[in-house]
Amino acid sequence: MAGIMSDSMTVVTRFAPSPTGMLHIGGVRTALFSWLYARHARGRFILRIEDTDRERHTEEAVGVILDGMQWLGLAADEGPYYQTQRSPRYREVLEQMLASGTAYRCYCTKEELERLRAEQLARKEKPRYDGRCRGRTEPRPGIEPVIRFRNPPDGEVIVDDLVHGRVVFQNAELDDLIIARSDGTPTYNFCVVVDDMDMRITHVIRGDDHLNNTPRQINMLRALGGEPPAYGHVSMILGPDGAKLSKRHGAVSALQYRDEGYLPEALLNYLARLGWSHGDQEIFTVEEMVAAFDIANVNKAAAAFNPEKLLWVNQQHMMRVPLSRLAPILREQLARLGLESRDEQLLEGVAAVQRERSKTLKEMAELSRYFFAEDIALDEKSARKHLTGESVPALAKVRERLSALGEWTAEPIHATLSAIAAELGVGLGKVAQPLRVALTGGTVSPPIDATAALIGRNRAIARLDRAIAWAGK
RNA sequence: GCUCCCUUCGUCUAGAGGCCUAGGACAUAGCCCUCUCAAGGCUGUAACACGGGUUCGAAUCCCGUAGGGAGCGCCA
């Protein structure tokens, strides 16, 4: 009964990225599913860095993964483990397999193997090693051998995949894969098996590009006397055009989304809903996802990444989260625009009125310059339209009454503006729009009373004076 | 080429033989609300890849076909 664990057994999942210099959002999604599965089952989640290919992997590349996981809040209960630090253990298992005969040395040269491959291809066969060194007992002088796994020649391997259901592979389709290179270093498929066994992984949740590796890994695990874990192969993410997601589709790195002003829980929510659903619910807090997640409901088909929906999900989260969560991120985004603000009260106030009019915190910062900048730029077009000679009486009246206003908050400001409109016999728009241009420099802002309140009396009056002067020209 | 996987509105999905006149969400169009922009509300356009079966009845089960993807490395 491969992979069926009793309830009493603790679930252990893992995320095993290869440090390529970026945390890909496809990887984030499998990490998330792994993490959710462990959290839901009150199990453990392990982070393991697959860095066997030493040259390509740098410390910075590992740092990127760690930073990304931290930003996302996908905390590991164990690790990070590094494969490069486990060499002695791999060596040990290799020796053990050689001794037991489940692995053997292969002295074929690369040229020989290439020829074999070419012949098979010419015969329209699947290229695979034919096992010619299986029975060899004597070394070939001058050749450093590789080590191959002795795969069972017949029978089948059944994978009861958590998302795909039963998948059956014939052993005859599998060949004896190389588990150690001629320089003695172990290869990926072998390391994974040893690691998953040693770390007692109960549920391997990974990309479905690994589905074809699974029968080999199961065979190796059995040869080592281990019991295979359960496997769940989740689909990959496609670009909006249905092609494999790549840089040309825009941001594929998780940290880019942080820089673009997305909330990590929103990214997680969006990624989870890509291939998974829970009734008609679209917006989930992380806790809700943990409670509702079930790998069995994950879709088999690959899903296309839709940036517009991510934007919507992000805004929905911005509108629900406490303002104190938004303020620091808004401050950071403002800083990138060269605008300083240490006023937590103001930051939260701005976030409160802007969150329903911005999709990201970056956009919020861009739309909120006039709340933080001392000098604002007057948009020509807006000014010509609304700061006309006709608007001067209204503006003057607003200036006069607002400077005398007792309490500088939205309600009295609103009452004042309404009263002025009524006195002048015009709609509120005739007062609000010129004032909006005066205060913000443009025609778009949150409700004018709230906007004025946040801008503050002194700055508001100064901007009014300037606008009146402009209109009177 | 071989093996394996996948296929419901443009996109993400619901759907476990009758509840389907195929539901929800994003996007899109219209209306409402309204001081601008939003947010919100209402309404609309829009899908079971195709062909055969099985069944009283199929989006759902079976078999093909087509299309897409992955794997077949001394990469991970």
Side-chain angles (χ1 to χ4, degrees), chain A residues 16-20 50-53 56-57 83 106 108 110 113 117 120-129 144-148 159 161 164 167-170 172-175 177-185 187-189 191-192 207-216 233 235-236 238 240 242-244 270 273-283 299-313 315-316 319 353-359 367 382 386 414 417-418 421 427-437 440 442-449 451:
Chain A
S18 164
T20 57
E50 313 244 301
D51 56 353
T52 53
D53 189 15
R56 255 167 57 186
H57 301 146
Q83 288 188 329
C106 167
C108 294
K110 287 188 184 175
L113 295 174
R117 191 187 152 77
Q120 287 167 329
L121 248 17
R123 271 182 266 130
K124 305 198 172 197
E125 285 171 13
K126 182 177 182 171
R128 59 233 232 243
Y129 183 62
E144 282 302 325
V146 299
I147 299 174
R148 288 185 185 270
V159 181
D161 193 272
H164 289 272
V167 184
V168 180
F169 296 88
Q170 297 304 316
E173 291 294 335
L174 273 23
D175 65 355
L177 79 163
I178 292 171
I179 56 178
R181 304 178 184 99
S182 46
D183 66 1
T185 57
T187 61
Y188 169 77
N189 274 109
C191 295
V192 167
D208 68 4
D209 47 338
H210 288 291
L211 185 54
N212 286 295
N213 287 332
T214 306
R216 303 161 170 290
H233 289 94
S235 65
M236 22 192 300
L238 271 22
K244 191 172 172 178
Y270 175 73
R273 274 290 286 103
L274 215 52
W276 174 77
S277 62
H278 181 68
D280 285 340
Q281 189 171 352
E282 295 286 347
I283 303 302
N299 243 225
K300 298 189 250 273
F305 187 85
N306 183 341
E308 262 117 44
K309 184 147 185 185
L310 203 213
L311 247 11
W312 177 79
V313 170
Q315 180 170 33
Q316 292 299 313
M319 292 194 296
V353 297
Q354 290 288 47
R355 60 177 166 180
E356 62 201 36
R357 26 186 72 75
S358 22
K359 305 280 193 192
L367 293 175
S382 308
H386 295 285
H414 188 265
L417 299 179
S418 294
L428 185 55
K430 289 284 182 212
V431 178
Q433 271 314 74
L435 176 57
R436 177 168 280 119
V437 174
T440 71
T443 54
V444 173
S445 88
I448 193 61
D449 48 358
T451 302

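On a predicted model such as this, the values are computed, not experimentally measured, just so you know.
The residue A:P446 sits close to a base: some heavy atom pair falls under 4.0 Å. A:E144 comes within contact range of no nucleotide atom at all, as no heavy-atom separation falls under 4.0 Å. Base contact: A:H210 has a heavy atom under 4.0 Å from a base atom. Among the protein residues, A:Q315 comes within range of the sugar-phosphate backbone only, with heavy atoms under 4.0 Å from sugar or phosphate atoms but none that close to a base. Among the protein residues, A:P447 comes within range of the nucleic acid bases, having at least one heavy atom under 4.0 Å from a base atom. Here A:S277 lies in heavy-atom contact (under 4.0 Å) with sugar-phosphate atoms only. Residue A:G275 is classed as a sugar-phosphate contact, given heavy-atom separations below 4.0 Å to backbone atoms only. Heavy atoms of A:K430 sit nowhere under 4.0 angstrom from any nucleic acid atom. Looking at heavy-atom distances under 4.0 Å, A:N213 makes contact with a base.
Checking side-chain atoms of A:H164 against main-chain N and O of A:H233 turns up a donor-acceptor pair under 3.5 Å. Remark: the backbone N or O of A:V313 is not paired with any side-chain donor or acceptor of A:E282 at under 3.5 angstrom. Remark: side-chain polar atoms of A:Q316 are not paired, donor with acceptor, to backbone N or O of A:I283 under 3.5 angstrom.
The side chain of A:H164 places an N or O atom within less than 4.0 Å of a non-bridging phosphate oxygen (OP1 or OP2) of B:C6. Here A:N299 does not reach the OP1 or OP2 of B:U7: none of its side-chain N or O atoms lies under 4.0 Å away. For the OP1/OP2 pair of B:U36 and a distance below 4.0 Å, the side-chain nitrogens and oxygens of A:S445 include no atom meeting the criterion.
For the P atoms, the distance linking B:A25 with B:U43 amounts to 10 Å, nearest Å. Atom C1' of B:G18 sits at a distance of 28 Å from the matching atom of B:C6, rounded to the whole Å. Taking atom C1' on both B:G30 and B:G67, the two are 37 Å apart, rounded to the nearest angstrom. Here, B:C33 and B:C42 have their C1' atoms 11 Å apart, quoted to the whole Å. Between B:C2 and B:G64, the two P atoms lie 15 Å apart (nearest whole Å). As rounded to the nearest Å, B:C37 and B:U45 have C1' atoms that lie 27 Å from one another. With P as the reference atom, B:G1 and B:U55 are 37 Å apart, rounded to whole Å. Using P as the reference atom, B:A22 and B:A46 are 11 Å apart when rounded to the nearest Å.
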For nucleotides 1-4 of chain B, list the nitrogen or oxygen atoms of the protein found under 3.5 Å from its nitrogen or oxygen atoms, one pair per line.
from : atom 1 : to     : atom 2 : distance (Å)
B:G1 : O2'    : A:K124 : O      : 2.4

Could you go over nucleotides 25-28 of chain B and give all protein N or O partners under 3.5 Å, atom names and distances?
from  : atom 1 : to     : atom 2 : distance (Å)
B:A25 : O4'    : A:E282 : OE2    : 3.1
B:A25 : O2'    : A:K309 : NZ     : 3.3
B:A25 : N3     : A:K309 : NZ     : 3.4
B:C26 : O2'    : A:K309 : N      : 3.4

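Taking a pair to require two hydrogen-bonding distances under 3.5 Å in either a Watson-Crick or a G-U wobble arrangement, B:U55 remains unpaired. Under the Watson-Crick and G-U wobble criteria, each requiring two contacts below 3.5 Å, nucleotide B:U11 is paired to B:A25.
By the salt bridge (Lys or Arg N to Asp or Glu O under 4.0 Å) test, A:E125 is found to be paired with A:R123, residues two or more places apart in sequence or in another chain being considered.
A donor-acceptor contact closer than 3.5 angstrom links the side chains of A:R436 and A:Q433.
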